[in-house]
Amino acid sequence: MTAVETQITYSNSYTIHHEEAYMTQEEDWDRDLLLDPAWEKQQRKTFTAWCNSHLRKAGTQIENIEEDFRNGLKLMLLLEVISGERLPKPDKGKMRFHKIANVNKALDFICSKGVKLVSIGAEEIVDGNVKMTLGMIWTIILRFAIQDISVEGVYLTVNLCISAPSKKDGLALCALIHRHRPDLIDYSKLRKDDPIGNLNTAFEVAEKFLDIPKMLDAEDIVNTPKPDEKAIMTYVSCFYHAFAGAEQAETAANRICKVLAVNQENEKLMEEYEKLASELLEWIRRTIPWLENRVAEQTMRAMQQKLEDFRDYRRIHKPPRVQEKCQLEINFNTLQTKLRLSNRPAFMPSEGKMVSDIANAWKGLEQVEKGYEEWLLTEIRRLERLDHLAEKFKQKCGMHEAWTGGKEDLLSQKDYESASLMEIRALMRKHEAFESDLAAHQDRVEQIAAIAQELNELDYHDAASVNARCQGICDQWDNLGTLTQKRRDALERVEKLWETIDQLYLEFAKRAAPFNNWMDGAMEDLQDMFIVHSIEEIQSLITAHDQFKATLPEADKERMATMGIHNEILKIAQTYGIKLSGINPYTNLSPQDISTKWDTVKHFVPLRDQMLQEEVARQQANERLRRQFAAQANIIGPWIQTKMEEISHVSVDIAGSLEEQMNSLKQYEQNIINYKSNIDKLEGDHQLSQESLIFDNKHTNYTMEHIRVGWEQLLTTIARTINEVENQILTRDAKGISQEQLNEFRASFNHFDRVRNFLLLRLPLEFARIMTLVDPNNTGVVTFQAFIDFMTRETAETDTAEQVMASFKILASDKMYITVDELRRELPPEQAEYCISRMTRYVGPESPPGALDYISFSSALYGESDL
């Protein structure tokens with residue numbers, strides 16, 4: 001079997017020339033008056049079947065070969081079908097000369113193809129000469145069916161398959177079919193002793209699966225000593241064309257598979273882009289309402305928790321989305337490059353999912369994010385101020401309420417009614433001292449009211465209780481004023497009754513009361529809480545405290561003078577033997593009270609010094625944090641700007657191949673990634689600053705937000721630049737561009753790129769036609785990638801819609817439609833099902849059920865219509 005298969009070959013290396021190789025055979029038609037009856041029978045059947053195999057394409061056939069060709073009409077139609085050319089218009093008449101004219105047109109056409117007709121005239125054909133008719137058909141078969149087949153191959157195949165007496169067992173013809181289509185014949189089950197069965201098997205398989213009509217009878221071949229070679233050569237040539245067509249179909253199928261594989265890969269990339277874009281936009285849609293929620297908390301702890309949640313969003317949740325956004329842009333650019341390389345239309349994402357839409361959504365997210373952070377910091381400052389004011393309000397209210405305790409009862413007493421003169425005088429002076437003290441406390445009441453008003457303006461959460469307490473203090477103060485005035489009026493009425501007033505007690509009371517009030521104010525100031533945000537502010541407090549300490553010697557003199565009055569009273573009483581009651585009738589303040597408060601004031605002074613020095617240390621620590629952050633930010637900020645400039649010029653400055661450029665860019669990218677630790681360290685310093693409530697920094701113009709935005713832009717720029725070089729490599733490999741050509745393209749591009757921004761702007765007028773090709777959207781700029789695509793488009797061989805149509809036409813045996821069975825037979829299963837699911841039903845004359853339109857499908861692959 002192997003030997004037989006090896007010998008059955010077809011070759012295009014040698015073409016039959018009628019004038020030489022078959023001149024002897026053509027002359028045989030003249031020399032022989034009659035054909036062998038067996039040969040004539042075989043030729044009639046074979047030639048008739050061969051003609052009908054072509055005429056059926058035109059919807060007709062012949063029954064009697066010498067009769068049906070007599071008028072020349074079907075003969076001309078046969079020549080048109082097998083040549084694919086149009087013959088002159090036939091004569092429509094039925095007269096003999098009309099028939100001769102039509103036959104002559106057919107014979108002239110045969111002669112125009114370089115075929116020499118010997119002793120074959122139109123009259124013989126019209127007269128139904130069997131010998132001449134068969135000779136003419138044989139000449140046509142030689143020219144149009146056998147000419148392109150190797151002569152040696154045909155004769156060897158004929159000899160092996162049928163003609164040789166020793167080879168008429170039919171096994172060779174079965175081996176020929178098995179060689180090309182092993183799925184049609186199980187060669188191992190054939191028997192050498194069954195030639196007729198073997199031949200009929202070959203004939204039936206050829207007719208059913210290879211579209212080769214049955215042209216011979218197995219009995220005639222086996223029972224005839226020497227079968228007719230012309231009939232057998234005609235039949236065998238059909239196998240050549242069938243198998244040659246199968247090879248063309250395989251080539252066409254491979255081309256279609258390639259095109260469909262590219263299309264499937266592009267569709268997968270489109271689906272991945274749509275999915276990633278949808279997820280990113282959905283995340284932005286969910287995140288913005290959270291950032292727009294500006295409902296303030298009532299406590300500092302709750303607001304600090306909000307700030308911590310925002311930091312987690314910045315550190316944990318947002319960075320992966322930044323990477324997804326960058327990867328989305330890279331995938332989009334790669335997809336567009338692949339579509340351009342495969343002559344496909346540009347990818348247009350779904351509405352709202354363009355790269356620009358995602359960029360706008362991302363911009364909106366960052367704007368809301370910035371506003372949310374500013375709101376958080378503002379609210380924290382507000383709550384800090386509220387806590388400070390609330391504590392201060394409580395402290396002042398407590399001191400005032402402690403001072404006013406019992407004053408209303410004291411002013412309501414009528415002790416002067418039963419008092420002596422001295423006692424009345426004492427009561428009067430005491431009341432005057434109280435009025436002085438009352439006026440001194442007016443400041444404190446106004447401060448309490450002012451603090452309450454500020455708490456209300458800042459929307460303090462417990463404003464109701466503050467207002468109630470403040471109103472109570474104000475009402476009590478008004479009542480004290482009324483009672484004081486009433487008591488003065490009463491004392492003044494009886495003042496005239498009393499003449500003796502102890503001037504020393506009165507003078508003590510008058511000097512002791514303001515001094516005591518001064519000490520109360522001093523203790524209040526020394527215990528006053530403060531909040532500062534800079535060294536300058538704490539230094540201002542220290543200066544004020546130093547000024548206060550400078551007044552202490554003068555205050556000590558006042559204390560000693562007041563105590564001197566008391567000593568004078570004791571001296572007079574001792575001198576004149578006056579028994580003192582021990583109580584100053586004009587004041588409740590005793591010398592012991594003055595001394596005790598003075599000691600208390602002196603005790604609070606060093607404590608105040610300690611508090612101020614601790615605050616100085618805290619502010620110095622904050623200043624160190626500011627300087628530490630500024631030192632790093634002033635290095636990182638310019639470094640990012642420098643890297644951005646280096647990357648923007650990398651395509652011009654880096655020499656060598658694209659792979660070397662890629663390696664250089666990868667090194668750039670690795671250096672940038674390695675630099676991430678500095679950004680993280682700066683983030684840590686920034687977090688420490690915010691935890692220390694540091695909100696400004698005069699040592700640097702860079703904020704953490706500036707550094708973050710610059711870092712994200714740097715990562716995006718290096719990723720985009722690497723992607724552009726990858727696309728150039730993809731273009732170079734797909735188009736077959738050499739490194740020298742790329743360098744020439746780069747030099748040409750740089751010649752027009754005056755400002756080195758990697759875009760061509762306002763080219764001369766003579767390039768207007770080219771601009772319509774490289775800039776179809778009329779944006780006014782041309783990228784280097786578009787420039788390379790234009791320079792290589794005309795020289796690179798790419799698949800086109802017409803080539804795909806021609807390939808499908810081969811698979812469909814020159815039909816305008818293709819069937820499901822043909823697709824599944826010629827294409828791999830995956831590509832076949834892909835075509836079946838997307839091809840539309842073919843609508844045309846005489847189309848069988850299930851016919852598919854491959855022409856519109858091929859056009860749709862290249863964007864010329866919709867799938």
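Index from 1, following the sequence.
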- Query: Between atom OH of Y834 and atom CE of M839, what is the distance when rounded to the nearest 0.5 Å?
  - Reply: 10.5 Å
- Query: Are the side chain of Q336 and the backbone of F347 linked by a donor-acceptor contact shorter than 3.5 Å?
  - Reply: yes
- Item | R344 side-chain N/O to L861 backbone N/O, donor-acceptor pair under 3.5 Å | yes
- Message: Using side-chain heavy atoms (C-beta onward) and a distance below 4.5 Å, is R70 in contact with I125?
- Response: no
- Message: Looking at N71, is its backbone amide N or carbonyl O close enough to the side chain of N102 to form a donor-acceptor pair, meaning the two atoms are under 3.5 Å apart?
- Response: yes
- With side chains defined as the heavy atoms from C-beta onward, is the minimum distance between I65 and M136 less than 4.5 Å? no
- Is a side-chain donor or acceptor of Q831 paired with a backbone partner of A261 at a separation under 3.5 angstrom? no
- Atom pair CG/CG of L260 and L827 - distance to nearest 0.5 Å: 7.0 Å
- Message: Under the criterion side chain to side chain contact (heavy atoms under 4.5 Å, CB included), I'd like the reasoning laid out for L190 against I185: C-alpha separation, chi angles, the key distance, then a yes or no.
- Response: CA-CA 9 Å; L190 301 177; I185 292 181; 4.1 Å; yes
- Task: Look at atom CD of E830 and say whether more than 12 heavy atoms of other residues, nucleotides or ligands are closer to it than 6.0 Å.
- Result: no
- Tell me whether the centres of the aromatic rings in Y842 and Y854 are closer together than 6.0 Å. no
- Could you state the interatomic distance from CG (L823) to CG (L852), rounded to the nearest 0.5 Å? 6.0 Å
- Task: Scan side-chain atoms only and decide if Y817 and E822 contain a donor-acceptor pair under the 3.5 Å cut-off.
- Result: no
- Do K113 and E85 touch side chain to side chain, with heavy atoms closer than 4.5 Å? yes
- Message: I need the minimum non-hydrogen distance between E265 and K338, along with the two atoms involved.
- Response: OE2-NZ, 2.9 Å
- Student check: side-chain heavy atoms of R824 and P829 closer than 4.5 Å: no
- Any donor and acceptor pair, going by atom type alone, linking the side chain of D91 with main-chain N or O of A101 inside 3.5 Å? no
- With sequence neighbours left out, which residue pairs that include part of residues 48-103 fulfil the ring pair (Phe, Tyr, Trp, His ring centres under 6.0 Å) condition? W50-H54
- Value rounded to 0.5 Å, distance of OG1 in T48 from CG in N64: 7.5 Å
- Does the side chain of C238 come within less than 4.5 Å of S53's, by heavy atoms? no
- Kindly give the heavy-atom pair with the smallest separation between I62 and N52, and that separation in Å. N-OD1, 2.7 Å
- Note on the structure: Scanning both residues in full, the closest heavy-atom pair of G135 with I120 reads C-CD1, 3.9 Å
- Okay, side chain of S859, backbone of I855: is any donor-acceptor separation there less than 3.5 Å? yes
- Message: Within this structure, what is the CG-OG1 distance for the pair D853 and T840, rounded to the nearest 0.5 Å?
- Response: 4.5 Å
- Write down the atom of P213, the atom of A49, and the distance for their closest heavy-atom approach. CG-O, 3.8 Å
- Between the side chain of D127 and the main-chain N/O of N129, is any donor-acceptor distance below 3.5 Å? no
- Message: Just checking K268: does its NZ atom have more than 12 heavy atoms from other residues, nucleotides or ligands closer to it than 6.0 angstrom?
- Response: no
- Message: Test your reading of the model: is there a side-chain donor-acceptor pair from K105 to the backbone of K89, 3.5 Å cut-off?
- Response: yes
- Task: Please confirm whether the backbone N or O of A812 pairs with a side-chain atom of K815, one donor and one acceptor, at under 3.5 Å?
- Result: yes
- Message: Please give me the minimum heavy-atom distance between G850 and V820, naming the atom from each residue.
- Response: O-CG2, 4.2 Å
- Task: Taking the side chain as every heavy atom from C-beta outward, state whether V262 and L341 have any atom pair closer than 4.5 Å.
- Result: no
- Value for CD (E80) from CG (L75), rounded to nearest 0.5 Å, stands at 10.5 Å
- Task: Compare every heavy atom of A106 with every heavy atom of L87, then report the nearest pair and how far apart it is.
- Result: CD2-CA, 4.3 Å
- Message: For R825, is the CZ atom crowded, meaning more than 12 foreign heavy atoms sit under 6.0 Å from it?
- Response: yes
- Carboxylate-amine/guanidinium proximity below 4.0 Å for E123 and R96: no
- Message: Test your reading of the model: is there a side-chain donor-acceptor pair from K74 to the backbone of Q61, 3.5 Å cut-off?
- Response: yes
- Are any of the side-chain heavy atoms of R44 and V130 separated by less than 4.5 Å? yes
- Query: Taking the side chain as C-beta and beyond, is there a heavy-atom pair between L73 and L77 under 4.5 Å?
  - Reply: no
